[in-house]
Structures are given as structure tokens and as C-alpha cells.
Protein chains: 2
Amino acid sequence: MSVRADAQRNHDKILEAAEEVFALEGVTAPIDLVAERAGVGIGTLYRHFPTKESLFEAIVSTRLSSLLESADAFTSELDPAIALDAFLREFARQAAEKQDLFEALGQAGIDVKSKFSGLVDDLFARVDTLRERAVVAGTIRPDVDTNDIINLVVGTCHAAGHTGADDEGLQRLVSIVIAGLQPVMPR
Amino acid sequence: MSVRADAQRNHDKILEAAEEVFALEGVTAPIDLVAERAGVGIGTLYRHFPTKESLFEAIVSTRLSSLLESADAFTSELDPAIALDAFLREFARQAAEKQDLFEALGQAGIDVKSKFSGLVDDLFARVDTLRERAVVAGTIRPDVDTNDIINLVVGTCHAAGHTGADDEGLQRLVSIVIAGLQPVMPR
DNA sequence: TCATATCCGGAACTCGTGTTCCGAATACCT
DNA sequence: AGGTATTCGGAACACGAGTTCCGGATATGA
């Protein structure tokens, strides 16, 4: 027998509600809010996701996958000279929109690395590809590594998130970071 | 009658212990750790600081004052062309060393602004002075405001802090941010 | 030394949040 | 429609962290 129809419905409703709640309130949001928003009891929530962490994992995986797609799209469709720039801006946009993502990425890196090691490694590899191409194209300094780049963007999103900056403000900050990544012109 | 000698001793021990604990573990450290480290009972701690927040406030005030002194020193002693640079690096160093500080600055800006409004405003003013001078000296773009600068450095510290970067790594990130703040050279 | 005002210490209380458990409800198969 | 395995729902439990409270200890002045 397949899963019962109502179970499937609730599973989806919970995921949807959790995405909204976590994006809005961050990872620290009480799990009750998710259940309430999903129109479901706490017990039901725990039937589908035996742990808050498991629920969180499901969502972060989605988010990371979405980022991976963006990275691939930019890599194949955009001029290498601007692809990294475009991706970092998209990354910042998504991270700012969903507070939970960059919280997860920004906090204890151990958890993230162990739980989503595959996806994180993938993302890291894509960014590294974008970086290498940009270096070849001459729009990025060769002496910064991918780790630095990601840290800078994540940190920027964190700061912007907690000061209620809008998307324009965030993009302004990202612009400064990107400017700092460019090769220095001999004066 | 003045305060009893043991009371004064404990007050100091608690402050000292709290500084160490908060710097090491961040604001979320249980208050019991502070008491234990101070060699003091929980009751004693609460006698001196009626609230965890009050203890935290005492420490952050100290940290902010220290930063103000640095800003003043750099303003009066250094070439305006490099003073902001030097201060931002010192700021990052202090923030990274004491996780609590930038956590407070990075989190709900509302609390910080309301509780330490005086000190934060002062700090903001000093940085603005440094920035203005650097703009005049031509080492900083005129189109970024002080808020952006502080956000970038705080965010960078946050990211670096959670990835276990050493001082060298942090300074590398700050260097990139500072590079992004410099005027663009026409190519 | 003695009295006492002050301080110390930690057990206990509160509160918020994650998790478990089981009687009630119900979708699915026959 | 009826039987039953599966799911639902939320009351109750677990647990950690902040805070309170008060009996015991002690510094201080006479």
C-alpha cells in the first residue's frame, strides 16, 4: 500500500509552512509555529520529520540545490567575466531572503559540513569553477580563494540581514565586496 | 559603611570571568559557567548583576570604550590616508577575539542601539570622521557611507569567527573589503 | 570577642522549546 | 458499508537556561 493521501498532503503542507516560517523567523523559530501555520498538530509534524533538525535539513537541501542550479546556469550561459559577479549577487539575494540558509552556512560550520557535505562540497566546487574562469578572464584577483569569497558574501548577508537592509542595500554591500575581489590596477 | 571587601572582590572576579567566558563561548554561554569560572555561587552572581543582560552590558560597554580609544588614537596619530584602514583592522581584531562584541553588534541592532546608544553613536561618529578624512585623502570612495563600512567589517568578522579562521585569515578578508572601499582607478 | 548587617551559595522555581505517547479519527481495501 | 492499519492531534514529559529565595557564613565595628 502506498502512503495515505492525507499523509502526503500533510507532508507537503508542513514543508511549505516550514519554509515560510524559517525564512521569516530564522532557524530559532519554535516548531509549534510551523505546525500551526501548516494547520496540523505537533504530533503530525513529528510523524513526518522525527526531529526539528531533519525538517531543517530538508529545507536547506532544497535551498542548496536551488543555488547549485543557479551556479550551473550562470556557468554555462554567462560570460566568464561576469558570471561569478552575477552568481554572488544571486547568492546574496537568496541568502537574504531566506534567513535560515545563511544562518546555517554561517554558524557552526561543522554541522553544515557534516550534514550537507555533499551539497556544500558541490556548491564550493561550482563557485571555484566560476572563480577560476573569472581569474582567467582577468576580472578577479588570482590570490583569493573560494573560501574567502564565500565567507565574505555570507558575512555580508548576515550583517545586512540584521540591520533590516533592503535588497538595494544588500547589493550595494555585495558590490563593494566584488570590487575588492577585482585585480588591482597599477596606478 | 562602604561595600564589604569580599563583595568587591567577587564583583571583580565575576566581571573578569564573564569577560573570558563570553569572549570564548559567545553570548549564549550559560551563566553558570561564569559563576563557576569566578569561583562563586549563582546567587552571588545575581546579587552583583541582577540580570544576565546587565552583566553583558557591563562588558560590552568596556569593549566599546576600548574601541573608541583606538579610534581616537588612530585619528590623532596616523596619516588620514591609512588611519581608517588601521582602525578597521583593529576593529576586526578585537571583534574576532571577543566573539561577544560583534555578536552584539551584529544581532538585533535595535537592542544595541537602545542599550548602548551613546557609545554606539560615538563609535559611529569616530568612524565617520575617519572615513571623511580618508575620502579627502583619496583612499576611500566617496559614495559609501559609514553604515556600509561597519556592516561589512562586522559581517566579515562573523563569517570568519564561525569558520575558525585565525588572525591572518581574518586580516586577509578585511583586506579585500578595504580594497573594495578604495576609489576605482579608471582603466 | 560578640553582635549584626551584609553577603554567599546553591537548591528550587519558572518558562520556553524539543520530543514522546496514546486515544481518537479516518482513509483505504474488500 | 465495515474492518483495520495508518495517521492525527495535543496533552504530557524532558531538559536546559534564567531567576528567585532564604538559611548559613562572614566581614566589620564596638
Side-chain angles (χ1 to χ4, degrees), chain A residues 1-60 99-100 103-104 107-108 110-112 114-115, chain B residues 1-60 99-100 103-104 107-108 111-112 115:
Chain A
M1 185 159 82
S2 183
V3 297
R4 261 167 59 168
D6 55 345
Q8 179 66 47
R9 240 186 344 260
N10 279 335
H11 181 93
D12 295 348
K13 279 198 295 183
I14 290 171
L15 256 186
E16 194 177 341
E19 237 171 275
E20 294 171 358
V21 169
F22 284 149
L24 196 61
E25 312 238 0
V27 193
T28 61
I31 220 168
D32 310 29
L33 284 185
V34 176
E36 189 187 351
R37 178 148 197 156
V40 141
I42 307 175
T44 303
L45 193 157
Y46 271 90
R47 163 166 301 274
H48 291 284
F49 299 92
T51 271
K52 181 181 184 179
E53 207 175 341
S54 68
L55 176 57
F56 184 60
E57 275 181 45
I59 290 176
V60 172
Q99 284 217 358
D100 48 1
E103 264 182 40
Q107 261 168 11
I110 301 168
D111 286 338
V112 179
S114 62
K115 295 219 173 300
Chain B
M1 185 161 81
S2 183
V3 296
R4 262 168 59 168
D6 56 345
Q8 178 67 46
R9 243 188 340 263
N10 280 334
H11 181 93
D12 296 348
K13 279 197 295 184
I14 291 171
L15 256 185
E16 194 177 342
E19 236 170 275
E20 295 171 359
V21 170
F22 284 150
L24 196 62
E25 311 239 3
V27 195
T28 61
I31 220 167
D32 310 28
L33 285 185
V34 176
E36 188 187 352
R37 176 146 201 158
V40 141
I42 308 175
T44 304
L45 194 157
Y46 271 91
R47 164 167 302 274
H48 290 286
F49 300 92
T51 269
K52 180 181 184 179
E53 207 175 340
S54 69
L55 176 57
F56 184 60
E57 275 181 44
I59 290 176
V60 172
Q99 284 216 0
D100 49 0
E103 264 182 41
Q107 262 168 12
D111 286 338
V112 180
K115 296 219 172 299

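So you know, we letter chains A, B, ... as the sequences are listed, proteins then strands, and number each from 1. Please read these numbers as outputs of a predicted model, since none were measured by experiment.
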Item checked: Set of salt bridge (charged side-chain N to carboxylate O under 4.0 Å, His left out) partners for B:Glu36, sequence neighbours left out -> none
Check: Residues in side chain to side chain contact (heavy atoms under 4.5 Å, CB included) with B:Asp6, at least two apart?
Finding: B:Arg4, B:Arg9
Margin query: Check the phosphate of C:dC7 against B:Thr44, side-chain N and O only, distance under 4.0 Å to OP1 or OP2. Yes or no?
Written below: no
Next item on the list: Go through C:dC8, D:dC8, D:dT28 for me and flag the one nearest to the B:Ala7 side chain.
Entry: C:dC8
Next item on the list: Could you check how far CZ of A:Phe49 sits from P of D:dT7, rounded to whole Å?
Entry: 14 Å
Next item on the list: List for me each residue that meets ring pair (Phe, Tyr, Trp, His ring centres under 6.0 Å) alongside A:Phe49, sequence neighbours excluded, and say none if there are none.
Entry: A:His11
Note to self: Measure CZ/B:Phe56 against P/D:dG18 and give the value in whole Å, please.
What the structure shows: 12 Å
Notebook entry, point to check: Can you list every salt bridge (charged side-chain N to carboxylate O under 4.0 Å, His left out) pair that touches residues 40-51 of chain B, not counting sequence neighbours?
Noted result: none
Notebook entry, point to check: Tell me: CG of A:Asp6 to P of C:dT26, nearest whole Å?
Noted result: 10 Å
Margin query: Apply side-chain contact (heavy atoms from CB on, under 4.5 Å) to residues B:Phe22 and B:Leu55 and explain how you reach the verdict.
Written below: CA-CA 10 Å; B:Phe22 284 150; B:Leu55 176 57; 4.2 Å; yes
Next item on the list: Quick one: closest heavy-atom pair of A:Glu25 and A:Ala29, and the distance?
Entry: CB-CB, 3.7 Å
Notebook entry, point to check: Does A:Asn10 place a side-chain N or O at less than 4.0 Å from the phosphate oxygens OP1/OP2 of D:dC8?
Noted result: yes
Margin query: So for A:Arg47 and D:dT7, does any side-chain atom that can act as donor or acceptor lie under 3.5 Å from a complementary atom in the base?
Written below: no
Next item on the list: For B:Ala5 and for B:Pro50, locate the closest nucleotide of DNA chain D by heavy-atom distance; then report the residue assigned to the nucleotide nearer the 5' terminus.
Entry: B:Pro50
Margin query: Let's test your reading of the model: under 3.5 Å, does the base of D:dT6 pair with the side chain of A:Arg4 as donor and acceptor?
Written below: yes
Next item on the list: Mind checking salt bridge (charged side-chain N to carboxylate O under 4.0 Å, His left out) for A:Glu16 and listing every partner two or more places apart, or none if nothing turns up?
Entry: none
Next item on the list: To the nearest 10°, let me know how far the axis at one end of the helix from C:dT1-D:dA30 to C:dT30-D:dA1 is tilted from the axis at the other, five pairs an end.
Entry: 0°
Note to self: I need the CD-P distance between A:Glu57 and C:dG18, as an integer number of Å.
What the structure shows: 16 Å
Notebook entry, point to check: Looking at the side chain of A:His48, which of C:dT19, D:dC8, D:dG9 is the nearest nucleotide?
Noted result: D:dC8
Margin query: In this structure, how many angstroms lie between the P atom of D:dC8 and the CG atom of A:Leu45, rounded?
Written below: 11 Å
Next item on the list: Just jot down the salt bridge (charged side-chain N to carboxylate O under 4.0 Å, His left out) partners of B:Asp32, sequence neighbours excluded, or say none.
Entry: none
Check: For nucleotides 12-17 of chain D, read 5' to 3', which letter fits each nucleotide if B means a protein heavy atom sits under 4.0 Å from the base, S means only the sugar-phosphate is that close, and - means neither?
Finding: -----S
Next item on the list: Take atom CD1 of A:Ile14 and atom C1' of D:dG9, then tell me their distance rounded to the nearest Å.
Entry: 12 Å
Checklist line | Under 3.5 Å donor-acceptor, A:Lys52 side chain and A:Val27 backbone | finding: yes
Check: Expressed in angstrom and rounded to an integer, what is the separation of A:Leu33 atom CG from D:dG10 atom C1'?
Finding: 16 Å
Notebook entry, point to check: Can you find a side chain N or O atom of A:Thr51 that sits less than 4.0 Å from OP1 or OP2 on C:dT19?
Noted result: yes
Item checked: Interatomic distance where CD belongs to A:Glu36 and C1' belongs to C:dT17 [whole Å] -> 15 Å
Check: Who pairs with B:Glu57 by side chain to side chain donor-acceptor pair (under 3.5 Å), at least two apart in sequence or on another chain?
Finding: none
